[in-house]
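When a ligand or atom number is given, it counts from 1 through the structure's own listing order.
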Amino acid sequence: MAVYTEITDDDLAGFLAGYDLGRALSCKGIAEGVENSNYLLRTERGTFILTLYEKRTREEDLPFFLGLMQHLAARGITCPQPVKARDGGALGRIAGRPATIVTFLDGVWVKRPGVSHCRQVGEALAALHDAGADFAIPRANALTVGDWRPLFELSKPRADEVLPGLAAEIEAELDHLEAHWPRDLPRGVIHADLFCDNVFFLGGQLSGLIDFYFACNDFLAYDLAICLNAWCFEPDHAFNATKGRAMLSGYLAKRPLSEAETAALPLLARGSAMRFLLTRLYDWLTTPEGALVKKKDPLEYLRKLRFHRGVASIAAYGLPPEDYAI
Ligand SMILES: Nc1ncnc2c1ncn2[C@@H]1O[C@H](COP(=O)(O)OP(=O)(O)OP(=O)(O)O)[C@@H](O)[C@H]1O
Ligand SMILES: N[C@@H](CCO)C(=O)O
């Protein structure tokens, strides 16, 4: 359960005094997520999410995240909206942490996504890329290729406790990624963490996107690579090319990939696997026993990385060359 910071009734009453939301009726920690503390907050005015920013979310980036959610909603993307306090601001502090209240989004996330879910995620991702195109605030990706080695250095001395040989495998992979990472693909606002638990469905239809706290400017196709990793592998770790095809087709129906993006996709997928391998590895080794959070398995992403290492072209993701626009 991701609650890193506990809040008292007095903390909450003091915080809510700045809003027009009435009194708190209940406030319960949410048993999902690993990055921030999230509470399901019911007040006299409705149901909301109270997020306390922790760990990797930097306070100076919050205007980007909150502004982006407003920008995307204005362009038809269903996502949580920051609730403004009486002073007009949406960012406050509670229990010493920066915090916001956002609107509650109906829907549930799917633990075992099917082909239709994957297609819809592909479509939604392309729509997000389109909607983000004119967002004015820039934010560089803080977890891209140049950031991976310094992050790895923090885990390196203990990496082989997780798997013998892991440190050497990661080093060799970092050498490859640093030498071959693309420089010049189409860029824009990406979500950068569009995992299954960040996409809601209602009656089988995608109903909204949440958790924009890794959003940034980076290669648009990198976002697609993140989604292929998060949605298209089976529990037995096999890549499901039918789901991959559905996701890519959904995306391509709204935004064609250039030849360079198509060619780069396997490498971007390797890089995306490395990013989540490294954050999970760090968390695996540093999260204190007994913390109220369910740690995520780093080796899931090592297996995905190894799969992409053997991929020669986008065809391995389910899309034959004649199906994509170049
Ligand atoms: N606006 C919202 N409406 C409804 N439920 C929400 C909302 N925001 C968060 N939640 C719930 O809280 C959970 C955790 O939220 P979120 O994914 O933002 O946390 P996180 O710690 O950033 O997670 P992650 O590990 O994906 O980075 C979600 O899976 C969802 O169940
Ligand atoms: N979605 C990420 C957690 C947030 O960085 C993961 O599953 O590792």
Can you list the steps and then say if F65 with Y213 is a ring pair (Phe, Tyr, Trp, His ring centres under 6.0 Å)? CA-CA 6 Å; F65 302 133; Y213 302 116; 5.6 Å; yes
Is the NZ or CZ atom of K304 both under 6.0 Å from the centre of the six-membered ring of F307 and within 45° of that ring's axis? no
Among I210, D106, D211, T279, which one has a heavy atom closest to atom 27 (O) of ligand 1? D211
Other residues, nucleotides and ligands only: do more than 12 of their heavy atoms fall within 6.0 Å of CG on D184? no
I30 N/O to ligand 1 N/O under 3.5 Å: no
Polar atom proximity, N198 to ligand 1 (N or O, under 3.5 Å): yes
Can you find a non-hydrogen atom of T103 under 4.0 Å from ligand 1? yes
Could a heavy atom of F48 be found less than 4.0 Å from some atom of ligand 1? no
If the cut-off is 4.0 Å to any non-hydrogen atom of D193, which atoms of ligand 1 fall inside it? 26 (O), 27 (O)
Distance under 4.0 Å to a non-hydrogen atom of K296: what atoms of ligand 1 satisfy this? 25 (O)
Within a radius of less than 6.0 Å around CZ of R45, do more than 12 heavy atoms belonging to other residues, nucleotides or ligands occur? yes
In terms of ring plane angle, is the pair F233 and H308 parallel, tilted or perpendicular, where the classes change at 30° and 60°? perpendicular
Flag if over 12 foreign heavy atoms under 6.0 Å of CG, D87: yes
I49 and L202: same hydrophobic cluster, using ILVMFWY side-chain contacts below 4.5 Å? no
Check ligand 1 against D197 and write out every atom of the ligand that is under 4.0 Å from a heavy-atom position of the residue. 26 (O), 29 (O)
In ligand 1, the atoms that come under 4.0 Å of a heavy atom of E35 are 20 (P), 21 (O), 22 (O), 27 (O)
Excluding sequence neighbours, so at least two apart, what forms ring-ring contact (aromatic ring centres under 6.0 Å, His included) with H237? none
For ligand 2, which of its N or O atoms have a protein N or O partner closer than 3.5 Å, and how long is each gap?
unit_1, atom_1, unit_2, atom_2, d
ligand 2, 1 (N), D193, OD1, 2.7
ligand 2, 5 (O), E35, OE2, 3.0
ligand 2, 7 (O), R280, NH2, 2.7
ligand 2, 7 (O), K296, NZ, 3.3
ligand 2, 8 (O), R280, NE, 2.7
ligand 2, 8 (O), R280, NH2, 3.4

Looking at F64 versus F135, is the centre-to-centre ring distance below 6.0 Å? yes
Would Y213 count as a contact of ligand 1 if the rule is a heavy atom under 4.0 Å away? no
With R303, which residues qualify under salt bridge (Lys or Arg N to Asp or Glu O under 4.0 Å), at least two apart? none
What residues join F200 in its hydrophobic cluster, counting side-chain heavy atom gaps under 4.5 Å, either direct or through other members? L105, W109, I210
Ligand 1 atoms in contact with L105 (distance to a heavy atom under 4.0 Å): 1 (N), 2 (C), 3 (N), 4 (C)
